[in-house]
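Letters A, B, ... are given to chains in the order of the sequence lines, protein chains preceding strands, and every chain is numbered from 1.
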Amino acid sequence: MEALLDFWYAYSATLAFGLVNSLFALSMYSVLSAGILSFTTVVFAAVGGFAAAQMMGTFGLPLWLAVVIAGLLGGLASAIIAALFLKLETHWMALASLALILISRVVVLNTPSLTGGVMGMVVPVRASVLELAVLLAIVSLVFFRLHKSWYGLAIRAVREDAAAASTMGVSARQIQMIAFLISGVVGGLAGAAMATTLQYISADTFYLGVAFTMIASTVLGGSFFWFGPIVGAFVFTALPTITQAVLPEIQDIAKGVVLLVIMIYLPRGLIDPRARGLRKAARQRQQSALNGSDAVEARPGSSTAGHAHD
Amino acid sequence: MLSVSDLTASYGAIRAVRGISFTVASGSLSVILGSNGAGKSTTLRSIAGLHRPIGGSVMLDGSNIARLALHNVVRAGLALVPEGRMVVAPLTVEENLLLSRFSGRKGTGDTLARVFDLFPRLKERRTQPSGLLSGGEQQMLAIGRALMTEPRVLLLDEPSMGLAPSIVDVVFEAIVALNRQGQTILVVEQNAAIALSVCDYGYVIKRGEIVVEGTPQALRENPEVLEAYLG
Amino acid sequence: MNMLETSKRTLLSAVYMAVALGIAAPAHADPDAGEYRIGMISDDSGPIASAGQSYHQGADIAVAEINSKGLAGEGVTLALDIKDSGSDAARAVQAMTQFGSDRGILATTCCILSAIAAAVSPIAMSNEVPLVIYGATRASLPQEPYVTSVVALPGPQEVAMSERLAAELKPQKVAYFLSGDNDIFKARAMAMKEVIEKSGAATVAEISTLSADTDFTGPATQGIATDPDLIVVMTTQQPTVGIITALRQRGYEGTIVTSEVLSPPAIFKKSGETITGIPFALSFQPGVSDSEAAVAFIDAYKAQYNALPDVYAAQGYMAIQFIAQGLKTLSGKPTRQDLAKAMWGTSDIAVNPYGGQPMESGQARTPNTLIVNWTKDGEVKLWEKP
Amino acid sequence: MTLFLEQLVNGISLGSLYALFGIGFGLVFATLGVLNVAHGAYASWAAILGYFSVDYFGVPFPAAVAIGVLGGGLIAVTVDQIGFQPLRGRKTGMLGALITSIAFLIILDSLAGMATNHQSWAFPSSSFPSGMVDLGLIRIPEMQIIIIVATLVCGGGIYALIQKTGIGAAMRAVGWNAEAAALSGVNPRIVILLTAFLAGATSGLAGVLGGAATSNISYMLGEGLLLKGFAAVVVGGFDDVRGTVIAGILLGICEVFVAQYLSTTYRDGFTYVLLLTFLVARPRGLFGSRDFMRA
């Protein structure tokens with residue numbers, strides 16, 4: 001029992017970071033599932049993180065209130081950024097979001113009254129693993145409900161083919177705006193969660209490293225279902241801890257190799273709702289082929305199964 | 001010259017071509033007819049290396065070119081004018097044509113002159129980015145590009161598609177002219193009337209299989225063909 | 001024989017007395033024999049790994065010495081449990097949490113970067129595990145009773161050096177290279193500026209650079225253009241070396257003065273000719289420090305790594321010695337709380353290569369100043385006016 | 001005046017490194033459609049290989065540069081074949097290759113960190129041209145001249161290669177649509193390998209020359225180049241080498257003067273705001289064409 005408790009304590013930090021990274025990944029997933037590659041989550045998180053730190057540090061607000069405010073401010077930031085970014089073509093949006101991260105770092109460094117500048121900020125409150133888990137559970141519940149809602153259907157349509165979706169009466173722009181807002185709120189929450197887990201934040205906390213981690217987590221876990229990013233975030237967080245225990249020199253390399261292998265052999269990630277559907281469909285086709293029924297003609301140029309998007 | 005036997009191809013789990021066999025004689029102009037989705041384009045793409053067949057052989061002058069990569073098929077002497085033309089939009093007309101230097105087949109100044117003779121419009125627009133050409137001009141460029149590789153067999157996929165009738169005539173006149181110069185040609189076409197008016201031999205494909213074949217005369221008189229494609 | 005040497009002597013004797021007293025007092029108090037684990041969060045990789053590796057190696061030397069000489073008590077051995085943070089705050093926090101909750105870990109030591117030290121300190125406090133900061137130079141990091149720091153806070157050394165330079169060189173025009181994104185180095189430069197200006201020298205340029213910069217041709221050109229007869233370079237390690245190189249390559253021949261970041265042998269190996277003769281101030285330096293403890297440490301380090309220890313290695317060494325000293329005062333099965341109390345109450349680290357290391361409220365106060373420079377042959381000697 | 005001119009040359013030289021690095025980065029983005037964040041690692045590795053060949057084998061500086069350039073090119077080809085080739089034809093868009101390039105960034109940087117023991121090294125000043133050239137009014141370090149000339153030669157050469165030669169036409173064709181190019185008998189795989197090599201080699205050249213000029217050879221060398229080179233490519237226009245060169249040099253000049261006359265702390269902010277402005281307001285850059293994006 002004591003050994004179990006020790007184990008829990010030893011890895012509770014990893015668990016906490018897994019929960020925090022899950023929030024980051026879900027924020028990233030929110031826009032990615034609308035067909036947008038954007039790293040602005042990092043900026044939303046910076047807004048939420050520093051805001052939460054100020055709320056608790058300077059104004060002495062309780063944890064949950066600070067977290068809620070962080071989420072709202074993240075959402076506000078996303079509304080502004082989305083208005084600017086949504087008119088950009090996809091490639092440029094991805095690049096612009098990276099540029100925005102670079103800029104926000106400079107801003108953080110040069111506004112010491114808000115962010116502590118180069119010194120960073122110590123956050124006086126620590127969120128427990130349980131509190132983080134509750135936060136993630138609430139956010140997950142929202143994603144779970146969204147997946148089954150009209151919005152979930154619409155967002156899948158937009159991701160597959162924005163033009164086709166618009167003929168169905170779904171405004172791609174509107175859906176992507178909503179996706180950005182969700183991403184902003186979750187990103188703000190993620191920033192607050194990061195601040196209260198690290199208990200110290202600085203310009204480097206919300207920089208390219210976290211951008212790479214969250215996109216890697218999202219794609220690793222699977223970007224076609226909300227549960228994927230959570231799985232990916234936990235795998236990606238736990239991996240260095242595990243490899244450090246086994247072979248400390250290669251912990252980073254192992255991370256890179258896993259990412260590479262997943263991308264090449266499992267490009268849709270670990271959690272892929274369609275993989276199950278496909279296997280089922282394949283069995284049915286085999287069945288019908290045995291029955292000698294006519295195959296449906298396919299036009300050349302239509303995507304093969306491996307290409308199609310959800 | 002070109003001999004296809006038992007060619008099978010599929011898209012995903014769907015079998016689009018089911019064991020097709022036929023030959024294209026040297027110097028001939030053959031057509032494959034068929035309705036939308038009959039598998040004729042898949043057949044052509046499988047022969048040309050744009051789509052990988054799952055079975056059968058494609059013999060070009062005695063060597064099997066099935067399963068070669070697209071550029072190697074071109075190097076073996078088989079050039080495709082694909083559906084949708086696929087000209088390289090950012091390149092100028094001339095650059096598109098001269099890309100054939102990488103085919104290992106001559107594509108000399110003579111061939112270029114021949115292409116410009118055949119399609120004077122291309123000569124006029126040689127320095128223009130080909131993305132700015134009209135659909136008909138792009139079709140000419142696509143044919144010119146294929147000719148630049150000095151193919152033993154020229155394959156055309158739906159050359160009439162999406163073109164104004166007057167342009168279709170220009171394109172088919174060029175096809176006939178090329179054939180008269182001794183070029184072996186295989187055309188896949190939905191427009192049976194115009195196809196049968198120019199070819200020496202025809203095949204009709206339905207559900208991935210050849211159902212009728214014969215001279216244009218015989219095909220025109222075939223009641224099934226008459227009803228399905230010429231009616 | 002200058003003032004400095006004299007004060008060093010005085011200090012040394014004071015330290016020996018303290019050690020003697022320490023041994024004379026409760027002689028029976030040794031902890032139970034056995035192995036005690038100390039968690040070390042290292043910076044073996046990452047942007048400041050060159051310093052990080054020195055701290056780590058110094059700590060290893062201390063463990064070997066403590067174990068062979070029984071410095072932590074009869075039959076008491078220490079073992080280091082290393083987690084590399086790569087100077088990443090998140091990784092350091094994870095490591096600290098793991099150490100804090102691993103009841104086999106009796107004490108921990110961490111951190112070169114002040115920011116990371118600030119991030120892990122609350123975890124040490126809440127987990128009630130002693131944390132000795134070995135590298136971070138921000139003041140006010142120690143927290144009673146768990147967080148202590150053996151870092152010689154910068155300031156006094158530079159002030160002493162500035163006074164001497166101003167007196168001996170009588171510079172007229174002085175240019176300063178500062179760290180735009182490191183407040184500690186900035187403050188150090190400002191302290192020097194105050195002293196130098198007091199001597200009547202004019203400040204002709206204050207040029208700010210960033211820690212991640214690599215191209216210093218612009219700043220160097222700007223600095224040389226003001227025609228200074230003394231240039232103060234007070235930035236983090238990479239920029240310091242880069243600025244000095246750029247200044248020398250552009251033909252600046254006046255005096256440059258900098259900080260202890262120049263002391264690691266690896267820096268001399270990298271850019272030996274360029275940094276020769278440039279004075280810097282510190283508290284420990286092989287070839288200059290000659291106390292018994294310093295010599296023992298230097299010899300052991302040389303035997304182990306075939307290289308001379310730098311001031312960072314000395315601090316890593318001292319962090320472990322500090323823990324061992326605290327441990328030795330306990331008896332029976334020591335708890336983290338007891339150890340923390342013992343360490344917080346320590347007024348002097350007995351085994352130290354500095355020639356004296358008083359502690360005040362968990363913070364090292366290093367009174368000793370050596371003004372040294374690299375010679376052409378790769379040795380560090382006391383600096384003399386050229 | 002002397003100060004101004006010297007700072008101008010400093011800026012041009014610094015910007016030349018951004019440009020040289022950006023050429024390959026932009027080439028890979030425009031032709032292969034890959035946003036390759038591992039591009040900086042090629043520069044780091046080239047500098048490290050160059051340094052090792054001087055330190056261990058005592059080769060002369062030009063040979064060290066050649067080794068670095070070759071090494072950068074070969075690493076780029078390896079990364080392309082392992083990381084990007086399997087994704088081609090899968091229509092994963094920009095995302096898939098971005099992820100594998102992140103993977104390679106992690107792997108290559110870690111290996112480079114191990115190889116250099118996580119420390120910064122420098123070519124011994126006797127091993128490379130570290131003197132100054134007196135031009136009368138001003139004196140310029142030899143390395144700056146080498147860097148500027150190398151950038152102009154490489155930029156001009158690659159521009160000519162892409163725009164004026166058959167190989168260049170093949171590269172543009174494969175970049176637009178590999179199948180369309182193959183219809184002319186072009187082997188897309190070879191063209192891709194060539195493009196990747198060229199990109200890695202120019203990145204490597206920037207790495208070795210920059211590493212020598214700044215006396216800083218470390219596994220982190222490429223990171224700074226990557227961010228600034230990225231900015232140069234965007235500002236200049238992705239599909240135009242001339243734009244990259246001009247924009248890179250302009251950025252370098254801006255950085256030096258912003259640092260001197262305003263503040264170092266605003267220097268990077270200035271560059272990145274310029275970058276974002278271009279992305280939002282004029283994504284085709286200063287000189288890029290908007291007519292044809294990658295198919």
Side-chain angles (χ1 to χ4, degrees), chain A residues 32 35 37 39 84-85 87-107 109-110 117-118 208-209 211-213 215-220 223 240 249-265 267-269 303-304 306-309, chain D residues 29 33 35 37-38 79 82-87 89-111 113-114 223 226-228 230-231 233-234 238 263 265-284 290 293-294:
Chain A
L32 202 60
L37 177 56
F39 300 96
L84 185 70
F85 275 21
K87 59 180 189 198
L88 298 181
E89 196 254 334
T90 25
H91 278 48
W92 303 128
M93 203 190 311
L95 301 183
S97 68
L98 286 174
L100 201 63
I101 296 175
L102 301 179
I103 291 170
S104 60
R105 181 186 142 86
V106 177
V107 171
L109 286 176
N110 286 294
V118 292
L208 293 174
F212 290 165
T213 304
I215 181 74
S217 301
T218 310
V219 175
L220 181 90
S223 60
E249 306 87 56
I250 60 139
Q251 57 172 326
D252 284 329
I253 297 176
K255 214 158 89 172
V257 170
V258 167
L259 197 54
L260 191 63
V261 168
I262 294 277
M263 208 48 223
I264 291 172
Y265 295 104
R268 292 173 59 90
S303 319
T304 62
H307 295 171
H309 292 249
Chain D
F29 188 77
L35 180 67
V37 298
V79 168
I82 297 175
F84 304 147
Q85 185 64 27
L87 305 179
R90 266 199 211 156
K91 294 184 183 165
T92 51
M94 197 165 86
L95 185 60
L98 176 65
I99 301 287
T100 50
S101 83
I102 291 174
F104 271 108
L105 171 74
I106 296 171
I107 294 170
L108 287 174
D109 272 4
S110 308
L111 289 175
M114 285 183 185
E223 196 185 299
L226 181 73
L227 299 181
K228 303 298 169 58
F230 168 53
V233 169
V234 170
F238 269 99
S263 157
T265 41
Y266 297 137
R267 187 196 60 202
D268 291 353
F270 180 84
T271 305
Y272 299 141
V273 168
L274 200 66
L275 166 65
L276 186 67
T277 309
F278 267 88
L279 280 166
V280 172
R282 194 183 160 87
R284 63 195 162 116
R290 191 170 39 184
M293 253 317 278
R294 204 181 127 76

Margin query: Let me confirm one number: the CG-CD1 distance from Leu276(D) to Ile101(A), rounded to the nearest 0.5 Å.
Written below: 11.5 Å
Next item on the list: Check each atom of Leu109(A) against the heavy atoms of chain D and say whether the ones under 4.5 Å are side chain, backbone, both or neither.
Entry: neither
Notebook entry, point to check: Side-chain contact, heavy-atom cut-off 4.5 Å: Leu105(D) with Phe212(A)?
Noted result: yes
Check: Can you tell me how far CG of Asp268(D) sits from CD1 of Ile103(A), rounded to the nearest 0.5 angstrom?
Finding: 11.0 Å
Next item on the list: Measure Ile82(D) against the heavy atoms of chain A and call it side chain, backbone, both or neither at under 4.5 Å.
Entry: both
Next item on the list: Select one option (side chain, backbone, both, neither) describing which atoms of Phe230(D) are under 4.5 Å from chain A's heavy atoms.
Entry: side chain
Checklist line | Minimum-distance pair of heavy atoms, taken over all atoms of Ile264(A) and Pro86(D) | finding: CG2-CB, 3.9 Å
Notebook entry, point to check: Quick one: does Asp252(A)'s side chain get under 4.5 Å of Asp109(D)'s, heavy atoms only?
Noted result: no
Notebook entry, point to check: Based on non-hydrogen pairs under 4.5 Å, which of Ile106(D), Leu111(D), Leu108(D) is most in contact with chain A?
Noted result: Ile106(D)
Check: Can you check whether Leu98(A) reaches Leu35(D) side chain to side chain, under 4.5 Å on heavy atoms?
Finding: yes
Item checked: Side chain proximity check, Val219(A) to Leu98(D), heavy atoms < 4.5 angstrom -> no
Next item on the list: Please name the pair of heavy atoms, one in Leu260(A) and one in Gly83(D), separated by the smallest distance, quoted to 0.1 Å.
Entry: CD1-CA, 4.2 Å
Next item on the list: Counting only heavy atoms closer than 4.5 Å, note whether Val258(A) contacts chain D via side chain, backbone, both or neither.
Entry: neither
Note to self: For chain A, which candidate among Phe278(D), Tyr266(D), Phe104(D) shows the most heavy-atom pairs at distances under 4.5 Å?
What the structure shows: Phe104(D)
Next item on the list: Write down the atom of Leu279(D), the atom of Ala99(A), and the distance for their closest heavy-atom approach.
Entry: CD1-CB, 4.0 Å
Notebook entry, point to check: Among Leu220(A), Asn110(A), Leu102(A), which has the most heavy-atom pairs under 4.5 Å with chain D?
Noted result: Leu102(A)
Next item on the list: Evaluate the side-chain proximity of Val37(D) to Leu208(A): yes if any heavy-atom separation is below 4.5 Å, no if none is.
Entry: no
Next item on the list: Among the options Gly96(D), Pro283(D), Gly269(D), pick out the one with the most heavy-atom pairs lying under 4.5 Å from chain A.
Entry: Pro283(D)
Margin query: Check the orientation of Phe29(D) and Trp92(A). Use parallel for under 30°, tilted for 30 to 60°, and perpendicular for over 60°.
Written below: tilted
Notebook entry, point to check: Which of the residues Arg105(A), Lys255(A), Met263(A), Met93(A) is involved in the greatest number of heavy-atom pairs with chain D at under 4.5 angstrom?
Noted result: Met263(A)
Checklist line | Where Ala103(D) and Gly256(A) come nearest, the two heavy atoms and their spacing | finding: CB-O, 3.3 Å
Next item on the list: Can you tell which part of Leu87(D) gets under 4.5 Å to a heavy atom of chain A, answering side chain, backbone, both or neither?
Entry: side chain
Note to self: Within this structure, what is the OG1-CG distance for the pair Thr90(A) and Leu95(D), rounded to the nearest 0.5 Å?
What the structure shows: 11.5 Å
Next item on the list: Taking all heavy atoms of Val234(D) and all of Leu95(A), pick out the closest pair and write down the distance.
Entry: CG2-CD1, 4.5 Å
Next item on the list: For residues Met114(D) and Ile253(A), determine if any side-chain heavy atom of one lies less than 4.5 Å from a side-chain heavy atom of the other.
Entry: yes
